[in-house]
Amino acid sequence: MTEENKINVSAIFGENVFNDSVMRERLPKKVYKKLHETIENGAELDLETADVIAHEMKEWAIEKGATHYTHWFQPMTGMTAEKHDSFIAAPMEDGRVLMSFSGKELIKGEPDASSFPSGGLRSTFEARGYTAWDCTSNAFIREDSAGATLCIPTAFCSYTGEALDQKTPLLRSMEAINKESLRILKLFGNTTSKRVIPSVGGEQEYFIVDRQKYLKRKDLIFAGRTLFGAMPPKGQEMDDHYFGTLRSRIGAFMRDVNIELWKLGVTSKTQHNEVAPGQHELAPIYAPCNVATDHNQIIMETLKRVAYRHDLHCILHEKPFAGVNGSGKHNNWSLTTDDGINMLDPGKKPHENKMFLLVLTCIIKAVDEHADLLRASAADVGNDHRLGADEAPPAILSIFLGSQLQDVLDQLINAGEADHSIKGSVLDTGVSTIPDFMKDATDRNRTSPFAFTGNKFEFRMVGSKDSLAEPNIVLNTIVAGAFAEAADELEKAADFDITLHNLIKKYATEHQRIIFNGDGYSDGWVREAERRGLPNVKNMVDAIPAFNSEKSVALFERFGVFTKAELDSRVEIEYEIYAKTINIEAKSMIDIASKHILPAVIRNSTRLADSVNQVKQVNASYGTVQESVLNETDHLLVKANAALKRLTIEEEVGKSMAPGREQAVHYRDHVLTAMEGLRAAVDQLEFITDKDIWPMPSYGDLLFEV
């Protein structure tokens with residue numbers, strides 16, 4: 001390795017982050033202390049203190065080459081948003097310019113709220129909205145083609161106080177789970193822990209394709225996924241891509257992604273090829289819930305930006321290629337105290353760890369009672385193509401506990417008492433040069449949507465391009481609800497130990513239907529889940545109503561996470577997103593089929609007809625093969641043209657409907673079905689059309705030629 005290619009991770013890590021070490025070095029001790037009081041205890045930050053922080057943040061940013069700052073927020077578009085302001089304040093009398101950044105500018109910004117989805121919370125003419133600094137997530141310098149910009153993570157709300165973003169309710173849910181978790185800890189004699197933080201690690205899957213080929217695929221450009229495409233001779237059948245050696249071009253890309261992320265304080269740790277050709281994964285180390293959400297947005301933006309520099313394109317759609325595995329985002333969630341206690345750590349003897357068993361059964365109860373809400377938190381148009389296939393968790397919510405914890409709960413349910421825990425055994429490889437080692441007491445289950453994996457739960461349903469905020473808002477709130485119910489009962493118990501034992505047994509018994517350790521891909525599980533009464537919500541449209549059901553409204557309002565108005569607005573936004581997404585896909589299919597594919601096939605058909613005529617001029621009995629292909633082509637052309645006309649009609653009907661559930665249902669039941677009909681005919685045509693005539697790169701070109 002040349003000297004210039006060497007990376008000192010310790011030296012560059014966090015160099016573009018206004019982190020604790022920078023603040024400790026640059027801020028006066030009194031100001032640093034006040035800021036930490038705000039971060040740790042939610043104390044109010046006075047303007048005088050904010051002015052000092054803002055000045056030092058500005059000086060630090062300018063030293064890093066920044067000319068502008070932005071309040072970096074996460075509206076309900078699923079992406080991030082930002083408005084850039086320079087540090088220029090006013091010209092001075094001598095012609096020089098004054099650079100300033102006040103505490104008021106740090107704490108509060110004012111973007112145009114009418115330009116973002118509000119779901120009826122705000123009228124179009126009511127434009128005022130505010131961004132508010134989230135001081136628990138560090139500001140950072142982003143370096144791109146616009147130069148260096150100071151990015152300040154913020155929440156975004158309307159003039160009347162409603163949340164217009166993902167960050168605000170996420171922070172509210174974190175406060176709820178903190179309060180109720182501390183009640184649980186106190187019941188078990190813990191008086192030292194001052195705060196409980198939901199800790200999250202988000203594994204990010206994505207596809208990489210050559211950018212020049214991407215630019216020849218209008219469906220990828222407009223819809224983010226291929227709307228047409230026949231399978232190549234080889235897909236992922238040989239399993240030779242998963243964990244395989246990184247191709248040099250991908251390796252160079254990943255190296256630059258890591259450097260960018262490390263500079264921004266994102267702990268990018270794991271990288272590898274995924275199952276599908278062209279698919280990869282990146283995983284960071286755990287961070288507090290809101291920080292992990294911010295970091296995941298940074299990861300997605302960095303993947304796209306660095307790919308562009310390498311003449312590649314990063315695809316974050318959940319199912320960009322039909323017939324091969326889609327991409328998810330595994331949300332690893334746990335609860336950790338400020339003094340290092342993981343409330344989901346079972347210890348060496350789980351059957352004796354009463355606090356863990358209470359926490360575990362509370363979570364089981366929460367997931368069972370609010371399975372529809374948790375499913376809705378992972379609902380996405382692209383995820384409809386992924387969930388339920390033999391590649392991703394099924395759309396049925398269930399919990400995998402593994403043999404050890406399952407055995408403990410079975411003892412409690414059946415015998416009334418758990419007196420032992422299954423232990424891990426020694427793994428004997430049978431090779432003398434490889435040392436034997438202890439294996440875990442429990443296997444893993446990749447088919448489970450909500451799996452316990454040692455000291456955390458892994459929620460595997462989340463889509464690859466979605467924000468981590470929504471599933472964690474739901475997880476934090478439903479578990480806070482279960483903790484609150486348990487604490488209410490235990491705090492008034494005459495005999496704590498007996499009440500605790502009975503409560504753990506009650507929760508385990510009443511909610512055991514949600515526990516499933518088997519094959520989530522099997523047809524048998526679908527039938528068994530139906531017998532158990534578990535919901536099987538197969539699409540986004542049917543998942544959406546869970547957000548503002550009477551049960552959900554009561555839960556969210558109890559903990560101040562959402563108001564009913566905020567939930568109603570989100571439901572409206574979700575229906576609109578669904579309809580708009582399918583509408584864009586349908587219009588893209590119509591455009592591509594009518595302007596590119598069908599004309600190309602007609603040219604190919606004309607060439608075939610000329611070939612048949614030339615051969616028959618030589619001998620009338622010749623040309624049977626050409627005629628056969630020509631007849632098949634003509635048949636499929638007629639079929640494709642009819643499907644195109646049907647899609648055009650259905651799309652026009654959908655477009656004319658008022659936004660809401662009825663429109664979303666039409667796009668799901670009629671437009672999407674018409675799209676599938678057009679695709680089927682076109683994909684058959686691709687198989688029998690000359691490659692030099694086919695108007696866009698094939699699956700084989702995209703997936704294997706990088």
Side-chain angles (χ1 to χ4, degrees), residues 328 330-331 357 360-379 383-416 418 422 442-453 457-462 471 474-475 478-479 481-482 485 502-547 549-552 555 665 668-669:
H330 303 164
N331 186 85
L357 289 175
L360 177 68
T361 52
C362 278
I363 293 171
I364 292 170
K365 175 179 184 291
V367 174
D368 185 28
E369 291 181 341
H370 299 284
D372 58 342
L373 192 55
L374 200 54
R375 167 67 180 91
S377 75
N383 230 7
D384 281 1
H385 300 287
R386 169 181 167 260
L387 294 179
D390 289 353
E391 59 180 84
I396 306 164
L397 246 299
S398 66
I399 297 176
F400 168 80
L401 293 180
S403 54
Q404 185 187 57
L405 295 183
Q406 182 68 68
D407 180 66
V408 171
L409 292 190
D410 286 344
Q411 291 177 61
L412 281 167
I413 294 167
N414 300 321
I422 296 172
T442 291
D443 202 350
R444 292 181 63 194
N445 187 331
R446 65 182 299 272
T447 72
S448 175
F450 198 77
F452 187 76
T453 54
F457 275 100
E458 182 181 23
F459 184 37
R460 296 171 56 89
M461 270 190 174
V462 187
V474 171
L475 264 175
I478 65 175
V479 174
E485 288 182 37
N502 292 340
L503 200 60
I504 292 171
K505 181 182 177 182
K506 176 186 175 184
Y507 288 171
T509 304
E510 292 181 354
H511 301 285
Q512 60 183 308
R513 68 171 189 165
I514 197 74
I515 301 170
F516 179 65
N517 293 323
D519 182 4
Y521 292 166
S522 68
D523 293 335
W525 167 233
V526 176
R527 293 189 295 271
E528 171 63 17
E530 185 178 4
R531 187 193 66 78
R532 295 186 187 189
L534 298 177
N536 184 4
V537 184
K538 297 179 180 180
N539 59 78
M540 179 181 176
V541 177
D542 287 342
I544 292 170
F547 280 119
S549 69
E550 189 175 330
K551 180 179 65 173
S552 296
L555 175 72
V665 168
R668 180 196 65 190
D669 293 347

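Everything quoted here is computed from the prediction, not taken from an experiment.
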Trainee: Once you round to the nearest 0.5 Å, how far does CG of Leu405 lie from CG of Asp410?
Mentor: 11.0 Å
Trainee: Show your reasoning for whether side-chain contact (heavy atoms from CB on, under 4.5 Å) applies to Asp372 and Arg375.
Mentor: CA-CA 5 Å; Asp372 58 342; Arg375 167 67 180 91; 5.6 Å; no
Trainee: Distance from Asn414 atom CG to Lys505 atom NZ, nearest 0.5 Å?
Mentor: 9.0 Å
Trainee: What distance do Asn539 atom CG and His385 atom NE2 have between them, rounded to the nearest 0.5 Å?
Mentor: 10.5 Å
Trainee: Can you find a pair of side-chain heavy atoms, one from Leu475 and one from Asn331, that are under 4.5 Å apart?
Mentor: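 A side-chain contact exists here, since the closest heavy-atom pair is under 4.5 Å.
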Trainee: Kindly determine whether Phe400 and Thr447 satisfy side-chain contact (heavy atoms from CB on, under 4.5 Å), including the steps that lead there.
Mentor: CA-CA 9 Å; Phe400 168 80; Thr447 72; over 6 Å; no
Trainee: With a 4.5 Å limit on heavy-atom distance, are the side chains of Leu374 and Phe459 in contact?
Mentor: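 Leu374 reaches Phe459 side chain to side chain.
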Trainee: Could you measure the distance from the CG atom of Leu503 to the CG atom of Leu357? Nearest 0.5 Å is fine.
Mentor: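 Leu503 CG to Leu357 CG: 12.0 Å, rounded to 0.5 Å.
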Trainee: Might you point out which heavy atoms bring His330 and Glu458 nearest each other, and give the distance in Å?
Mentor: ND1-OE2, 3.2 Å
Trainee: Going by heavy atoms in the side chains, are Thr361 and Leu412 under 4.5 Å from each other?
Mentor: no
Trainee: Can you tell if the side chain of Ile363 reaches within under 4.5 Å of the side chain of Phe450, non-hydrogen atoms only?
Mentor: yes
Trainee: Would you check if the side chain of Asp384 reaches a backbone N or O of Met540 as a donor-acceptor pair within less than 3.5 Å?
Mentor: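 Yes.
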Trainee: Kindly compute the distance separating OG (Ser377) from NE2 (His370), expressed to the nearest 0.5 Å.
Mentor: 12.5 Å
Trainee: Might you point out which heavy atoms bring Leu387 and Met461 nearest each other, and give the distance in Å?
Mentor: CD2-O, 3.9 Å
Trainee: What are the two closest non-hydrogen atoms of Trp525 and Gly520, and how far apart are they?
Mentor: CD1-O, 3.6 Å
Trainee: So do the side chains of Ile399 and Phe516 get within less than 4.5 Å of each other, counting heavy atoms only?
Mentor: no
Trainee: Between CG of Asn517 and OG of Ser448, what distance do you get to the nearest 0.5 Å?
Mentor: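 Nearest 0.5 Å value for the CG-OG distance: 8.0 Å.
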Trainee: Can you name the residues that form a salt bridge (Lys or Arg N to Asp or Glu O under 4.0 Å) with Glu485, not counting sequence neighbours?
Mentor: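 Glu485 satisfies salt bridge (Lys or Arg N to Asp or Glu O under 4.0 Å) with Lys365 only.
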Trainee: Please list all pairs meeting salt bridge (Lys or Arg N to Asp or Glu O under 4.0 Å) that have one or both residues in residues 509-518, counting only residues at least two apart or in different chains.
Mentor: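 Those involving residues 509-518 are Asp368-Arg513.
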Trainee: Using side-chain hydrogen bond (donor to acceptor under 3.5 Å, both in side chains) as the criterion, list what pairs up with Asp519, not counting sequence neighbours.
Mentor: none
Trainee: Are the side chain of Asn536 and the backbone N or O of Glu530 linked by a donor-acceptor pair below 3.5 Å?
Mentor: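 It does not hold such a pair.
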Trainee: Are any non-hydrogen side-chain atoms of Pro394 and Lys538 less than 4.5 angstrom apart?
Mentor: no
Trainee: Taking it one step at a time, do Ile515 and Phe452 satisfy side-chain contact (heavy atoms from CB on, under 4.5 Å)?
Mentor: CA-CA 11 Å; Ile515 301 170; Phe452 187 76; over 6 Å; no
Trainee: Locate the shortest heavy-atom distance separating Pro449 from Leu397; write the atom from each residue and the value.
Mentor: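 The pair with the smallest heavy-atom distance is CG-CA, 4.1 Å.
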Trainee: Taking all non-hydrogen atoms of both residues into account, name the closest pair between Ile413 and Ala508 and its distance.
Mentor: CD1-O, 3.6 Å
Trainee: Check the pair Cys362, Tyr507 against side-chain contact (heavy atoms from CB on, under 4.5 Å), reporting the backbone distance first and the verdict last.
Mentor: CA-CA 7 Å; Cys362 278; Tyr507 288 171; 3.8 Å; yes
Trainee: Return the minimal non-hydrogen interatomic distance between Pro535 and Ala371, and the atom names on each side.
Mentor: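 Minimum heavy-atom separation between Pro535 and Ala371: CG-CB, 4.2 Å.
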